[in-house]
Student: 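One structure follows; several queries about it will come next.
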2 protein chains.
Amino acid sequence: MGVPRNISMPQILGAAEQVFGKHGFSGATMAEIARVAQLPKANIHYYFTTKEALYKAVLEHTLTDWLADADFWISPDRSPQEALHGYVTAKLAFSRNRPDASRLFAHEILEGAQHVHAYLATTLREHVAHLAHSFTHWKRTGQMRRVDTPHFMFCLWSMTQAYADMRAQMAAVLGQKTLTETDYERAAHTILDLLLQPTSRTLEKT
Amino acid sequence: MGVPRNISMPQILGAAEQVFGKHGFSGATMAEIARVAQLPKANIHYYFTTKEALYKAVLEHTLTDWLADADFWISPDRSPQEALHGYVTAKLAFSRNRPDASRLFAHEILEGAQHVHAYLATTLREHVAHLAHSFTHWKRTGQMRRVDTPHFMFCLWSMTQAYADMRAQMAAVLGQKTLTETDYERAAHTILDLLLQPTSRTLEKT
DNA sequence: GTCTATATAGCGATAGAC
DNA sequence: GTCTATCGCTATATAGAC
């Protein structure tokens, strides 16, 4: 009893993140996950009785990682410049290093967020409410203009996640096969320029 | 010969946009499309021999609409304020009024953009190159700061499309069942504040 | 052109030997 | 715990009557 649980499980979870991230829940097949994990199909059903059980396990795992950066960076102890720079950079790095995790999440939301609705309505909602404290603090101390916290976060999330979810479109528009390090640098520069610009974007006519 | 081609075709295309927009290509079923279109399954295969042929037809149709707003609004004849205001508002309206079209496109890109890669690499790429002329003009005439055109457009697209693609997540975070008119107004305000703010977002410390 | 009935393939899931 | 073989179901697609 109990030999390669430690060996098979990570293989399965890794393959599942990759395949679910590429095709979403309905588009993914257990056969492809088994192929990527280099395991017979039946072995996966030994650890996870149903496709949905495997999906939920992978989803919860990625959601935890997805939230990790915000509390570290967006804190009243930092300046808004430092906080936004750190957060955007971390999010872009996540999109670059864990694209399948970001895309798995995007698929889930796109299909109606049925499996994660409870999580979004409780944990993520409270998370955003918590972040509002930092923005309120920065406004009160004159370090930043007022923002509509949830919609401001929607903007941050969509701009940074797009570099994982929409990378096929971006690469095509840029005339490249894939996104390169330069693209992520330009992304950071463009996004931070919107958020942190020292002078106005659209200038007054003289 | 030829009675209800005019009647069945729009029904099929409308139902297909709805179902493909909800589930993507792999997740959608011909049976559900037939049910939504209130037609027998076989009738759809009469007009479109394969599921993929139907998918491509719907996809091309939505892509045309998706591009329509940009050339109208983003033009050197306008001020950057007017252009960005008009474009962002139009894009948000598209997300609100044609959510299935936006989500169909998002599904396609997420799954690797295999069906639209040629379109993105030619038409959309040229489209972005064309838009760069406006931004260059505004920079040259001192109306706007320099931008990295493709990445700036990626930001505009992701922020506005998120209000169709990610609306399930947004509603959950806002503690609502769906997005309301107020949410789209706040979205426009937040996005335009990032783009058009008359003073800096993060203020200098005194 | 329309629709019922069905062929064929691929899916998730399981049985049972090892 | 692992793996081969297979069940039962649902999907796309077609045949053929009307």
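Heavy atoms only: backbone and side chains are in, while hydrogens, waters and symmetry mates are out. Here is how names work: the chains are called A, B, and so on, in the same order as the sequence lines, proteins then strands, and each is numbered from 1.
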Student: With a 4.0 Å cutoff (strictly under), does any side-chain N or O of B:Y47 reach OP1 or OP2 of C:dT2?
Tutor: yes
Student: Are A:K91 and A:W73 in a cation-pi setup, meaning NZ or CZ lies under 6.0 angstrom from the ring centre and within 45 degrees of the ring axis?
Tutor: no
Student: Just how far, in rounded Å, is P of D:dG8 from CE of A:M30?
Tutor: 20 Å
Student: Within 45 degrees of the ring normal and closer than 6.0 Å to the centroid, is that where the cationic atom of A:R78 sits relative to A:F72?
Tutor: yes
Student: Please give, in whole Å, the distance from C:dT4 C1' to B:Y46 OH?
Tutor: 17 Å
Student: Heavy atoms only, 4.0 Å cut-off, all strands: where does B:A28 land among base, sugar-phosphate and nothing?
Tutor: sugar-phosphate
Student: State whether A:S8 places a side-chain N or O below 4.0 Å from either non-bridging phosphate oxygen (OP1 or OP2) of D:dG1.
Tutor: no
Student: Roughly, in whole Å, what's the span from CZ in A:R35 to C1' in C:dC11?
Tutor: 15 Å
Student: Just N and O in the side chain of B:H45: are any of them under 4.0 Å from OP1 or OP2 of D:dT14?
Tutor: no
Student: Figure out the CE/C1' separation between B:M9 and C:dG1, and round it to whole Å.
Tutor: 14 Å
Student: What's the CD1-C1' distance between B:I44 and C:dC3, to the nearest Å?
Tutor: 13 Å
Student: Between A:T141 and A:Q143, does any side-chain donor sit less than 3.5 Å from a side-chain acceptor?
Tutor: yes
Student: Go through C:dA13, C:dT6, C:dC11 for me and flag the one nearest to the A:T29 side chain.
Tutor: C:dC11
Student: What integer distance in Å separates A:E32:CD from C:dG12:P?
Tutor: 10 Å
Student: Can you tell me if B:S8 and B:N43 form a side-chain donor-acceptor pair at under 3.5 Å?
Tutor: no
Student: Is it the case that B:H151 and A:Y163 place a side-chain donor and acceptor less than 3.5 Å from each other?
Tutor: yes
Student: Over how many whole Å does the gap from B:K51 atom NZ to C:dG10 atom P extend?
Tutor: 14 Å
Student: Figure out the CD1/C1' separation between A:I12 and D:dG1, and round it to whole Å.
Tutor: 11 Å
Student: Taking the minimum atom-to-atom distance to the side chain of A:N43, which one of C:dT4, C:dA13, D:dC3 wins?
Tutor: D:dC3
Student: Considering heavy-atom distances to DNA chain D, does B:K41 or A:L39 have its closest nucleotide positioned more toward the 5' end?
Tutor: A:L39
